[in-house]
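Some notes on the structure that comes next.
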Protein chains: 2
Amino acid sequence: MAHSKLSLADFNLRPTACRTEVLSAFQAVDYALSQYDIEQSLSAQFDRVTIYRTLKSFLTQGLIHKVLDDHGSTKYALCKELCHQGEHVHQHDHVHFKCQSCGQTICLETVIIPSIPLPSKFIKHESNLLIQGICEHCNSAT
Amino acid sequence: MAHSKLSLADFNLRPTACRTEVLSAFQAVDYALSQYDIEQSLSAQFDRVTIYRTLKSFLTQGLIHKVLDDHGSTKYALCKELCHQGEHVHQHDHVHFKCQSCGQTICLETVIIPSIPLPSKFIKHESNLLIQGICEHCNSAT
DNA sequence: CTGTGTGCAAACACTTTGCAGGTGT
DNA sequence: ACACCTGCAAAGTGTTTGCACACAG
């Protein structure tokens, strides 16, 4: 699930060493990463704080989005092309699947959350569906 | 949305002052409460730690469940009768609605999460749908 | 050169743990 | 009487802030 030519410049982010590496880390995998995951996966050693700030600026610029995780640490994933279209249209109404075996959380881009009939007077802005279970890898492995 | 005659004894919990008050706090409202919410709503002053432990024992005994919230503090809500049926059947596949105006998170018991077709080899154990928007109160108020 | 990014130290918020004393059964 | 609850203090964990220096444009 490679992400094509995302460049920091396109998001008004100066291409520093840390940012480049963090972006690569996201592009290297197809699941959501926590601050800790990133800290581990970088070749160079960056300060914890710097990674936090990097994530924050990525968030602000719409390069990544927060992934709703099962009360664990906060995770982040790259936004897809869809998200960057339009002005303030930054939708993430897709499904996140957390594997209870390997702990990875992936975005199921292809699965769309069906429209749920809400009681009257409720207005929906955003919805997040977190499904927990066993992912395809772990299901095959065992 | 009153909760009928739930008693601590039924859940193998000694009826202490703190536990009684915390249970009442849950029964008094129809939305999910955080540790902080509870700390504020109690008439008597209990130690923060005691409330944490109270929540933990309530969780263990299946009196309450964690509510998936939008990356804020952890919230809890009373389990309904459904949850207590059966041996280890403790399902919470319902919808949580978080109001972005008042911040309250409520359980929409009546709304059922439709079955989502997952890619093959994925096994679903549990699902949580968090919908964010404006609740009926805030929608009426403004 | 100017503004932004980085590292370090410290502050912060939230939650858990250890221990002595108090309470329910 | 005994086990379990509670309060206080302290330790843990994850995240943010302040400040001086370093780097990109």
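Letters go in sequence order (proteins before strands), and every chain restarts at 1.
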Side-chain touch [X]/[Y], heavy atoms, less than 4.5 angstrom:
X: A:L13; Y: A:L23; result: no
X: A:F46; Y: A:I38; result: no
X: B:D69; Y: B:H96; result: no
X: A:L55; Y: A:I51; result: yes
X: A:K66; Y: A:Y76; result: yes

Stretch residues 31-40 of chain B: residues that reach within less than 4.0 Å of DNA chain C through a heavy atom:
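Within this stretch, nothing sits under 4.0 Å of the strand.
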Does [X] have any side chain to side chain contact (heavy atoms under 4.5 Å, CB included) partners at least two apart in sequence or in another chain, and if so, which?
X: A:R53; value: A:V49
X: A:K56; value: A:T60
X: B:S101; value: B:C99, B:I134, B:C138
X: A:A25; value: A:L33, A:S41, A:L42

State which residues pass side chain to side chain donor-acceptor pair (under 3.5 Å) with A:D47; sequence neighbours excluded, sorted by chain then number.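 Here no residue qualifies.
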| said: Can you list everything that forms a side chain to side chain donor-acceptor pair (under 3.5 Å) with B:S34? Sequence neighbours excluded, please. | reply: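 For B:S34 the side chain to side chain donor-acceptor pair (under 3.5 Å) partners, ignoring immediate neighbours, are B:D37.
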Below 3.5 Å, can you tabulate the donor-acceptor pairs from side chains in residues 15-22 of chain A to any protein atom, sequence neighbours excluded?
residue : atom : partner : partner atom : Å
A:T16   : OG1  : A:R19   : N            : 3.4
A:R19   : NH1  : A:R14   : O            : 3.3
A:T20   : OG1  : A:T16   : O            : 2.7
A:E21   : OE1  : A:S43   : N            : 3.3
A:E21   : OE1  : A:S43   : OG           : 3.1
A:E21   : OE2  : A:S43   : OG           : 3.0

- Task: Scan B:R53 against the nucleic acid and name what it touches under 4.0 Å (heavy atoms): base, sugar-phosphate only, or nothing.
- Result: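 If one applies the 4.0 Å heavy-atom cut-off, B:R53 turns out to touch a base.
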Identify whether any heavy atom of B:R48 sits under 4.0 Å from a base atom; if not, whether one sits that close to sugar-phosphate; answer base, sugar-phosphate or nothing.
->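 The residue B:R48 makes base contact.
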ILVMFWY cluster membership beyond B:L130 - transitive side-chain contacts under 4.5 angstrom:
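Reading the cluster by chain and number, B:L130 sits alongside A:L68, A:L130, B:L68.
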Open item on the list: For a 4.0 angstrom threshold against heavy atoms of chain A, report the outermost contacting nucleotides of DNA chain D in 5' to 3' order.
Closed with: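 Listing 5' to 3', DNA chain D meets chain A from D:dG14 to D:dG25.
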- request: Could you check B:T16 against B:V49 and say which one's nearest nucleotide on DNA chain C is further toward the 5' end?
  value: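 It is B:V49, whose closest nucleotide lies nearer the 5' terminus.
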*Using chain B heavy atoms and a threshold of under 4.0 Å, write down where along DNA chain C the contacts begin and end, 5' to 3'.*
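Contact boundaries, 5' end first: C:dC14 to C:dT25.
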ask   = Looking at five pairs on each end of the helix from C:dC1-D:dG25 to C:dT25-D:dA1, what is the angle between the two axes, given to 10 degrees?
value =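 Answer for the end axes of this duplex: 30°.
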### Task
Take B:R14 and B:Q45, find for each the nucleotide of DNA chain D with the closest heavy atom, and name the residue whose nucleotide sits nearer the 5' end.
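Checking each residue's closest nucleotide, the 5'-ward one belongs to B:R14.
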